[in-house]
**Q** 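Just dropping this structure here.
For this chain, numbers begin at 1 and follow the sequence in order. None of these values were measured; they are calculated from a predicted model. Heavy-atom basis, side chains included; hydrogens, waters and symmetry copies ignored.
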Amino acid sequence: QVQLVESGGGLVQPGGCLRLSCAASQSIFWPHTMGWYRQAPGKQRELVATVTTGGSTNYADSVKGRFTISKDNANTVSLQMNSLNAEDTAVYYCNLQIAVNGVTYWGQGTQVTVSS
């Protein structure tokens with residue numbers, strides 16, 4: 001079974017930046033989508049950004065122009081977050097979905113806190 005390990009979360013001031021990384025325990029050669037979701041206290045988990053095997057990207061409207069998702073290699077995806085604001089505060093979860101069967105994997109999450 002695939003394991004996803006996130007890193008890069010932390011505390012930053014408004015206007016600052018962070019780079020999150022997610023590493024899968026094995027390379028995924030089947031068509032798949034990797035990405036990031038986030039969940040703030042009292043809110044539902046929401047999509048932040050995804051990237052497919054073919055390189056297509058998708059972003060939530062709230063992060064377009066500020067966040068960039070990158071498929072760094074066969075088992076790693078990163079999220080560059082710029083111009084952070086308080087509304088970005090949440091636990092960020094790495095996600096992997098295999099296209100052929102819809103099987104989904106989740107990381108344990110990494111906390112991002114934007115505060116002065």
**Q** Considering all heavy atoms of both residues, which atom of Leu79 and which atom of Ala49 are nearest to each other, and what is their separation?
**A**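 Shortest heavy-atom separation between Leu79 and Ala49 comes out as CD1-CB, 4.1 Å.
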**Q** Show the numbers, then the answer: is there a side-chain contact (heavy atoms from CB on, under 4.5 Å) between Asn95 and Thr104?
**A** CA-CA 7 Å; Asn95 171 270; Thr104 300; 3.1 Å; yes
**Q** Are any side-chain N or O atoms of Thr50 and backbone N or O atoms of Gly35, one a donor and one an acceptor, separated by less than 3.5 Å?
**A**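 Checking the backbone N and O of Gly35 against the side chain of Thr50, no donor-acceptor pair under 3.5 Å is found.
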**Q** Any heavy-atom pair between the side chains of Thr68 and Met81 that's under 4.5 Å?
**A**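 When only atoms from C-beta onward are counted, Thr68 and Met81 do not touch, as no gap falls below 4.5 Å.
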**Q** Which residue pairs satisfy the ring-ring contact (aromatic ring centres under 6.0 Å, His included) criterion with at least one member in residues 81-116, sequence neighbours excluded?
**A**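 Listed once each, the pairs are Tyr37-Trp106.
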**Q** Under 4.5 Å between side-chain heavy atoms, hopping through other hydrophobics if needed: is there a path connecting Leu4 to Ile28?
**A**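 Yes, because Leu4 and Ile28 connect within a single hydrophobic cluster, where side-chain heavy atoms sit under 4.5 Å apart.
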**Q** Could you measure the distance from the CD atom of Glu87 to the OG atom of Ser62? Nearest 0.5 Å is fine.
**A**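 Reported value, rounded in 0.5 Å steps: 8.0 Å.
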**Q** Are Phe67 and Leu11 connected into the same hydrophobic cluster when the rule is that any two of I, L, V, M, F, W, Y join if their side-chain heavy atoms are below 4.5 Å apart?
**A**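 No.
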**Q** Calculate, to the nearest 0.5 Å, the distance between atoms CZ and CG belonging to Arg38 and Leu20 respectively.
**A**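 That separation rounds to 11.0 Å.
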**Q** Report yes or no: do Val51 and Trp30 belong to one cluster of Ile/Leu/Val/Met/Phe/Trp/Tyr joined by side chain heavy-atom distances under 4.5 Å?
**A**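 Result: yes, single cluster for both.
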**Q** Heavy atoms, side chains only, cut-off 4.5 Å: are Gln80 and Ser70 in contact?
**A**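 No, too far: nothing below the 4.5 Å cut-off.
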**Q** Within a 6.0 Å radius of atom CD on Gln44, are there more than 12 heavy atoms belonging to other residues, nucleotides or ligands?
**A**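 No.
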**Q** Say whether, by atom type as modelled, one donor and one acceptor occur between the side chain of Arg66 and the main chain of Ser83 under 3.5 angstrom.
**A**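 Yes: the side chain of Arg66 pairs with the backbone of Ser83.
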**Q** Val2, Val103: one ILVMFWY side-chain cluster at the under-4.5 Å cut-off?
**A**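 Same hydrophobic cluster.
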**Q** If you measure from NZ on Lys71 to OG on Ser56, what distance do you get to the nearest 0.5 Å?
**A**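 Answer for the NZ-OG pair, Lys71 versus Ser56, is 13.5 Å.
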**Q** I'd like to know if the side chain of Glu6 reaches the main chain of Gln108, judged simply by a donor and an acceptor atom lying under 3.5 Å from each other, with no hydrogens or angles considered.
**A**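 Side chain of Glu6 to backbone of Gln108: a pair is present.
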**Q** Does Thr89 reach the main-chain N or O of Ala86 with its side chain, forming a donor-acceptor pair under 3.5 Å?
**A**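 The answer is yes, because a donor-acceptor pair under 3.5 Å joins these two groups.
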**Q** Working to the nearest 0.5 angstrom, can you tell me the gap between Asn58 CG and Leu47 CG?
**A**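 Here the rounded value is 5.5 Å.
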**Q** In the structure I gave you, are the side-chain heavy atoms of Asn85 and Pro14 within less than 4.5 Å of one another anywhere?
**A**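 No, their side chains stay 4.5 Å or more apart.
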**Q** Report yes or no: do Val63 and Val91 belong to one cluster of Ile/Leu/Val/Met/Phe/Trp/Tyr joined by side chain heavy-atom distances under 4.5 Å?
**A**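 No: no chain of side-chain contacts under 4.5 Å links Val63 to Val91.
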**Q** Taking all atoms of both residues into account, what is the closest heavy-atom pair of Met34 and Ile69, and its distance?
**A**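 Reported closest heavy-atom pair: O-CD1, 4.0 Å.
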**Q** Could you grab the distance from atom NE2 of His32 to atom CD1 of Ile98, nearest 0.5 Å is fine?
**A**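 One gets 6.5 Å once the value is rounded to the nearest 0.5 Å.
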**Q** Looking only at heavy atoms, what is the nearest atom pair of Cys94 and Val77, with distance?
**A**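 Smallest interatomic distance, heavy atoms only, reads SG-CG1, 4.2 Å.
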**Q** For Leu84 and Leu18, run side-chain contact (heavy atoms from CB on, under 4.5 Å): C-alpha distance rounded to whole Å, both residues' side-chain angles, the deciding distance at 0.1 Å, then the answer.
**A** CA-CA 8 Å; Leu84 288 162; Leu18 282 174; 4.3 Å; yes
**Q** Does CD in Glu46 sit with more than 12 non-hydrogen atoms of other residues, nucleotides or ligands closer than 6.0 Å?
**A**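 Enclosed: over 12 neighbouring heavy atoms sit under 6.0 Å from CD of Glu46.
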**Q** Within the 3.5 Å criterion, strictly below it, is a donor on Ser27 or Asn75 matched to an acceptor on the partner's side chain?
**A**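 Ser27 vs Asn75: no donor-acceptor pair found between side chains.
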**Q** Can I get a per-line list of side-chain donor-acceptor pairs under 3.5 Å for residues 109-116, giving both atom names and the distance, sequence neighbours left out?
**A**
| unit_1 | atom_1 | unit_2 | atom_2 | d |
| --- | --- | --- | --- | --- |
| Thr110 | OG1 | Gly9 | N | 3.4 |
| Gln111 | NE2 | Ala90 | O | 3.4 |
| Gln111 | NE2 | Thr113 | OG1 | 3.3 |

